[in-house]
Structures are given as structure tokens and as C-alpha cells.
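Data block below; observations after.
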Protein chains: 2
Amino acid sequence: MGKGSEIKLIGTAESPYVNRVQIVLNLKSIDYEFVEENLTCKSELLLTSNPVYKKVPVLIHANKPPIPESLIIIEYLDEIYSDVHPILPSDPLARADNRFWANYMDTKFFPLFEELRKTPGKEGKKAIVKQIIEGSQLLEEAFVKFSNGKPYFGGDDVGYLDVVLGCFLGWTKFVEKHNEFKIFDEARTPKLLEWTNRIWSHEALKDVIPGSETLKNFYMILMKYKP
Amino acid sequence: MGKGSEIKLIGTAESPYVNRVQIVLNLKSIDYEFVEENLTCKSELLLTSNPVYKKVPVLIHANKPPIPESLIIIEYLDEIYSDVHPILPSDPLARADNRFWANYMDTKFFPLFEELRKTPGKEGKKAIVKQIIEGSQLLEEAFVKFSNGKPYFGGDDVGYLDVVLGCFLGWTKFVEKHNEFKIFDEARTPKLLEWTNRIWSHEALKDVIPGSETLKNFYMILMKYKP
């Protein structure tokens with residue numbers, strides 16, 4: 001993570017979307033500089049690098065224009081460092097299928113966590129928990145299809161969907177504990193449950209995914225600033 | 001559009017997302033079968049081809065699993081028919097930038113049209129019109145950057161962003177007329193206004209983009225079933 005690296009990543013340690021990029025940088029053994037952002041007082045660098053959304057992560061490669069949006073960044077990294085640990089498969093149909101499920105996770109599944117946080121009252125939360133559980137069952141089916149008996153969505157090693165879902169594992173564990181229900185469990189999602197335990201200790205993730213204390217503190221900040 | 005074609009496209013003629021796929025099929029001179037869908041009574045084919053979203057478009061290539069989601073479909077087509085009229089550039093940074101703006105259009109800009117339709121009252125609509133106009137100015141800046149003095153986002157000929165934005169031209173004209181304001185105009189978005197006139201008569205679009213009467217009828221159906 002040396003200064004002066006060709007790659008700069010603007011982010012915060014608690015963001016799964018930032019963690020997603022870190023995991024891919026690790027998988028591909030790319031040295032990078034992590035530029036920590038303060039989301040309660042955004043830096044000039046962030047505001048000028050991502051004027052449309054003003055959000056992390058943003059990747060800056062050498063002196064090129066900045067790239068925002070985690071899925072776009074990891075696909076960029078996969079294209080420029082295609083020879084080391086490719087994360088997307090080469091077959092166009094399999095690529096399309098990977099993109100479909102990544103899009104499902106980012107636009108349907110993960111936003112439910114934020115909705116759960118913001119929804120007041122037991123009844124309201126219960127309805128969202130139901131949707132999360134239905135979503136996890138869809139993801140179980142997807143995992144069975146993609147992994148085809150192997151350990152990861154990507155087959156024998158971590159691939160695109162392992163990264164896209166795996167970056168959220170700290171948050172899924174936090175949400176489970178905080179709301180007293182299981183997102184992944186033995187009865188409904190046995191294969192994904194095994195997968196979470198397997199990927200949790202993978203080299204590329206283990207120093208990236210924040211611990212429960214860090215996430216708890218961040219959750220408190222969110223509740224204060226964005227209730 | 002022969003039956004028995006290797007490519008089947010499930011869609012409706014009024015959907016800009018379906019039109020998007022048709023434009024790319026035209027640009028690449030790919031013969032396809034158009035399977036017209038009735039959205040008020042969805043077919044078994046659609047429900048089984050896209051069980052997660054139950055939406056058009058869906059592309060079925062030979063006997064392979066179906067591919068939903070317009071951006072995913074057009075990227076698939078660009079990968080399998082890469083030798084005829086490529087729509088994404090080959091440079092990874094330019095690809096990332098194209099994907100960023102397509103994502104902006106699909107997640108921020110176009111949803112405002114639907115929000116405008118659903119919002120009751122003059123004041124509510126006025127606030128959304130303001131956002132559409134701000135969005136169109138961002139798109140003007142993007143156009144100036146991408147086209148770099150040439151006629152299209154893609155340079156000398158229609159590229160990815162020309163397709164992604166161009167498929168909405170029927171609807172932008174309809175929304176302008178129906179709500180009595182200009183999305184693209186001489187003062188704020190001079191370059192994009194020129195572009196709309198240019199692309200409107202492009203071979204690949206002209207038999208695809210629905211006319212104002214068709215869109216008006218569809219709008220009435222929307223107001224009835226999804227007010």
C-alpha cells in the first residue's frame with residue numbers, strides 16, 4: 001500500500017464497495033495507495049474526482065481521469081491486468097450471467113440492508129427481513145448453478161461474483177447479529193453458508209473486511225447523520 | 001426479422017430498453033425474430049426467461065439460457081459479434097467511462113421521466129423537470145467530451161452511448177410535448193440538440209423508435225395500470 005504507487009484508491013475502510021476494489025487489487029497482487037476519505041467532510045479530491053455522485057470508491061490510475069463506481073472499477077482492473085487472476089470468465093454468455101447477478105446484488109439485494117436500517121418499527125422491519133431471506137434463496141440457487149460443485153462462484157478460485165458478494169460479508173454478519181435473524185443458514189442456504197465460511201478466511205479478503213466493532217461504530221455514525 | 005432466426009428478442013415496440021437492443025442488432029446487421037410481449041398479461045416464455053424481474057427485453061441466442069437486461073444484452077452482442085460495428089471502444093479507460101455514463105442514464109436520468117409521470121400536481125412536477133434539465137446539462141458536457149468535435153458519442157459513427165441515449169429519443173420528444181418544456185434546447189444543450197436531429201434519421205434507429213401516436217397510446221395504458 002505504498003505511497004507513490006501507480007494506483008490510488010479513494011475510499012473508507014467500512015465501505016463494502018471500496019472493499020470490493022481492494023479484494024480485486026489483492027487477487028491481482030497490485031500495489032496501491034489507499035487514500036482514506038472522511039465522508040462527514042468530503043475532500044476536494046473526492047468532489048472533483050466524482051462530481052456526479054461524490055461517492056467512494058474512486059480509482060485513479062497514474063495520471064488518467066478518475067474512475068468511480070465499484071463494478072466499473074473492478075471490470076477496468078480485470079481488463080488492464082487480464083493476465084493475473086482474471087475474475088470474469090472469458091465466455092460471453094457466462095460474462096453476461098455474472099453481470100446479471102452482480103446487478104441483482106447491487107440494485108436489489110444490498111439496498112435492502114440500508115432499507116432495513118432506515119425503516120422504523122417491528123412490522124416494517126419484518127417485511128424487509130422477509131425480502132432479504134427471499135433474496136438469499138435466489139442467491140443460493142445462483143451459487144449452486146455457478147459453482148457447479150466447486151468451492152466458489154468462480155469455480156476453483158474466487159471470481160467476479162465471489163468478490164461482489166464477498167465484500168458484504170462483514171455487513172451481513174453485522175446485520176444478522178443486530179436484527180436477530182440469519183441471512184445465510186443451514187436449512188435455507190446450506191451451500192452459501194459453507195461458502196461464507198470458506199471465503200471469510202481467503203487471503204485476498206481477510207485483511208480487508210472490517211471487524212464487527214468497526215462496523216458497529218460506523219453504523220452509529222450512519223444512524224446519527226443519515227437516520 | 002425472420003422466424004427461425006438464431007436470435008430471438010422478447011420485447012414490446014414501445015420500450016426504449018427493447019429498442020436499444022434492436023438498434024445494436026441493426027448496427028451489426030444481425031437477423032432476429034421479434035417476439036412481441038403483452039405486458040398486461042405476461043407470457044409463460046417471459047416469466048420463465050426472466051423469473052427475477054419478469055421484464056423485457058430478454059434475448060435468447062440459439063438454445064442457450066436467456067439473457068435479460070438491456071445493457072447486459074448489448075454488451076453480450078458486442079462481444080459475440082465483435083467484428084461488425086463494435087459499439088464499445090477497445091481502450092479500458094474509455095470503456096469504463098462509457099459504462100459510467102450509461103449507468104448514469106439508466107439509474108438517474110431516465111427514471112426521472114417515470115417519476116415525472118407518476119408525480120401529481122404542478123409543483124411536484126416542476127421539481128422533477130428541474131432535475132431533468134440539470135441532467136441534460138451533464139449529458140451535454142459528456143457529449144462534448146466523448147464526441148470531441150465529431151458527430152456522435154462514438155466519434156465518426158454511432159457507439160455505445162449513442163445507442164443507450166438514442167433509444168430514448170421517442171420518449172424525450174413525447175415528454176417534452178406532454179409537459180411543455182424542452183429537455184434538449186439551443187441555449188443549454190446546443191451540441192446534444194444537433195445530435196438528436198442527426199441520430200433521429202440514422203439507418204439503425206429510424207424504423208425502431210416508435211412514433212408519437214404509439215407512445216401516447218402506451219402512456220395512456222401506463223396511466224391506467226400503473227398510475
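Just so we're on the same page: letters track the sequence lines, and every chain starts at 1. What's counted below: heavy atoms across the whole structure, side chains too, no hydrogens, waters or symmetry copies.
Proximity to chain A involves both the backbone and the side chain of Y104(B), based on heavy atoms less than 4.5 angstrom apart.
Interface with chain B: from residues 87-98 of chain A, residues P92(A), L93(A), R95(A), A96(A) qualify, criterion being any non-hydrogen pair under 4.5 Å. For residues 60-75 of chain A, the interface with chain B (any heavy-atom pair closer than 4.5 Å) comprises K64(A), P65(A), I67(A), P68(A), E69(A), I72(A), E75(A), sorted by residue number. Close approach to chain A, defined as a heavy atom under 4.5 Å from one of its heavy atoms, is seen in L138(B) of residues 135-152 of chain B, taken by number.
Heavy-atom contacts from other residues, nucleotides or ligands closer than 6.0 Å to NZ of K28(A) number more than 12. Residue-environment remark: NZ (K182(B)) stays at or below the threshold of 12 foreign heavy atoms within 6.0 Å. Surrounding NZ of K118(A) are more than 12 heavy atoms belonging to other residues, nucleotides or ligands, all under 6.0 Å away.
In this structure, F100(A) has its ring center at least 6.0 angstrom away from the ring center of Y76(B).
In this structure S82(B) satisfies the side-chain contact (heavy atoms from CB on, under 4.5 Å) test with no other residue, sequence neighbours excluded.
Contact count against chain A (heavy-atom pairs under 4.5 Å) is highest for N103(B) among D78(B), N103(B), T107(B).
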